[in-house]
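When a residue number appears, it is its place in the shown sequence, counting from 1. This is a predicted model, so every value here is computed, not measured. Ligands are counted one by one from 1 in listed order, and the atoms in each one are counted from 1 as well.
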Amino acid sequence: MNTLQTFPLTMPNGPISTKLFDLAKKYIPGGVNSPVRAFRNVGGDPFFVQRAKGCRIWDVDGREMIDFVGTWGPAILGHAPIPILEAINNAAKEGVSFGIPNPYEVKMAQTICEWVPSIQKVRMVSSGTEATMSAIRLARGFTGRHRLVKFDGCYHGHSDSLLVAAGSGALTHGHPDSAGVPPAFADLTSVLPFNDEAALEELFEKKGHEIAALIVEPYPANAGLILPKPGFLQKLRDITTKHGTVLIFDEVMTGFRLAKGGVQELEGITPDLTCLGKVIGGGMPVGAFGGRADIMDYLAPLGPVYQAGTLSGNPVAMAAGLAQLRELDKQKGYAYLEEIGQVMEDAVLDVLKKKGLNYRWYRKGSMFCLFFTEKEVHNLHDAKTSDLASFRKFFHHCLDNGVYFAPSQFETGFISMAHAKADMDRTAEVAAAALAAL
Ligand SMILES: *Cc1c(COP(=O)(O)O)cnc(C)c1O
């Protein structure tokens, strides 16, 4: 049977989502608890989800969708996997939160240090934002310097020093520099274009002695998906070592998604500090930052840099995260994700070829982005050459036909272990029709 017949071409937002959004807007700013969920970049109203299982989500109006957002990265096993549900249940029976050390957090720390060799010691937090914010304070405390370097289009959470030329929702909404960030904070953040060695050298020559930390998404995944040119990450390592700057890899998105040891394992680069989040929480609110023991020991209670959290190392969240990591390992997750990622890639390239479109496709394992531009994308400037009107049409066509991609051109797509070849075939069919309708 033609699968499109079971997914009629027009399925407008059902009335329950609309009613919920109206109510939400009355009580929640913009109706959402995180801006990109508001669909501002693609137009229309967001749908409300009823439940999710495997690679599928069902909205409150009963529409079924194949999901390529995966709760923005964490759902690497797919939604609501049994081992995680069991781990949550078992841990919760013993108590939901203690504020006292518990065995799960020790096991989690040990697992992270074993999987990511550059991490000798690690501290757990409750979000990626907390991880990057804390890592930067630590780097400043350790070096006694104040300046921070980041790259245009990289998103590192929403703390003050980092909302300068940021990606993700901040980019989507057209004001990367947030109101409410004092200019004195923003002044301490230098922003460079990604993949530009000359700009990097110039900045470090002038200001190297005052730069506490350089923070980077080693594969920037919050302006679409951008890959480093050969040698660029090594250049970051060399120049920060030379100038006594702490090199921070923000692997909140890439950590445990691409390999046990993240991008640093794939690229053979050892950062000083690493930020983690998303996949390690198994869908629960978890982040972590860790790295060189001599730097980590600057944290309270051992050292002078203060950092704390009532719910940090929460037993239920740790149990969920540990179950996710254990299953990834047990089921040889990274091998499968590469395999199914290749299936998707072959299908996408085939569709583009048949349509005579030269749009740029980038993929690493289970992360992907199709830029609606013919220009190669090496930095944010290139990404912005994308045809956003066409992306918008494509997005809505796919959504109306049961395939949910991220509601913005400037986001990465995620494949989970619950995506099978049949799901990729259906996705290709829908995407081909969407591109034909542009
Ligand atoms: C999502 C993300 C963050 C922020 O994490 P939250 O849990 O949303 O606070 C930071 N850095 C990167 C690279 C991310 O993708």
Side-chain angles (χ1 to χ4, degrees), residues 32-38 69-76 116 123-137 139 148-173 176 178 189 191 194 213-228 233 236 247-258 262-264 271 273-290 307 309 311-312 314 317 320-321 324 364-369 380 383 406-408 410-414:
V32 292
N33 281 313
S34 197
V36 73
R37 297 179 197 167
V69 179
T71 186
W72 301 97
I76 195 165
V116 189
R123 182 159 281 175
M124 304 309 299
V125 291
S126 299
S127 71
T129 292
E130 257 189 278
T132 54
M133 179 187 82
S134 306
I136 283 158
R137 182 181 304 138
L148 174 69
V149 178
K150 76 177 286 288
F151 292 94
D152 211 1
C154 282
Y155 178 68
H156 304 291
H158 63 89
S159 70
D160 284 349
S161 312
L162 291 166
L163 272 182
V164 182
S168 192
L171 172 61
T172 299
H173 294 267
S178 170
T189 304
V191 181
F194 193 72
L214 181 149
I215 188 167
V216 64
E217 289 183 79
Y219 292 168
N222 282 285
L225 179 63
I226 299 173
L227 299 175
L233 295 176
L236 298 182
L247 177 62
I248 305 174
F249 270 16
D250 179 355
E251 298 222 43
V252 169
M253 197 78 109
T254 51
F256 306 121
R257 172 154 283 278
L258 296 176
V263 175
Q264 52 195 275
L273 294 178
T274 299
C275 300
L276 297 164
K278 297 192 169 116
V279 169
I280 42 167
M284 301 291 274
V286 179
F289 65 104
Q307 188 279 333
L311 296 175
S312 296
N314 174 272
Q324 173 131 290
K364 274 285 175 182
S366 56
M367 300 169 72
F368 65 85
C369 181
L380 178 65
S408 165
F410 304 112
E411 299 288 351
T412 291
F414 296 101

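With rounding to the nearest 0.5 angstrom, the OH atom of Tyr219 is 13.5 Å from the SG atom of Cys154.
Inter-residue side-chain proximity for Ile248 and Phe289 is flagged as unmet; no heavy-atom pair is nearer than 4.5 Å. Side-chain contact between Val125 and Gln307: present, with at least one pair of heavy atoms (C-beta onward) separated by less than 4.5 Å. Looking at heavy atoms from C-beta onward, Leu162 lies in side-chain contact with Leu148 at the 4.5 angstrom threshold. The side-chain heavy atoms of Phe151 and Leu380, taken from C-beta on, include no pair separated by under 4.5 Å.
Considering backbone and side-chain atoms together, His156 places no N or O closer than 3.5 Å to any N or O of ligand 1.
Scanning both residues, Pro271 and Gln264, for their nearest heavy atoms gives CD-OE1, 3.4 Å.
Close contacts of ligand 1 with Tyr155, meaning ligand atoms under 4.0 Å from a residue heavy atom, involve 11 (N), 12 (C), 13 (C). Taking every non-hydrogen atom of Ser127 and a distance limit under 4.0 Å, the qualifying atoms of ligand 1 come out as 7 (O), 9 (O).
Closest heavy-atom approach to atom 14 (C) of ligand 1 among the candidates Met253, Glu411, Lys278: Lys278.
For atom 11 (N) of ligand 1, the closest non-hydrogen atom of the protein is Asp250 OD2, 2.7 Å. Protein heavy atom closest to atom 7 (O) of ligand 1, with residue, atom name and distance, is Gly128 N, 2.9 Å. In terms of protein heavy atoms, atom 8 (O) of ligand 1 is closest to Thr129 OG1, 4.5 Å.
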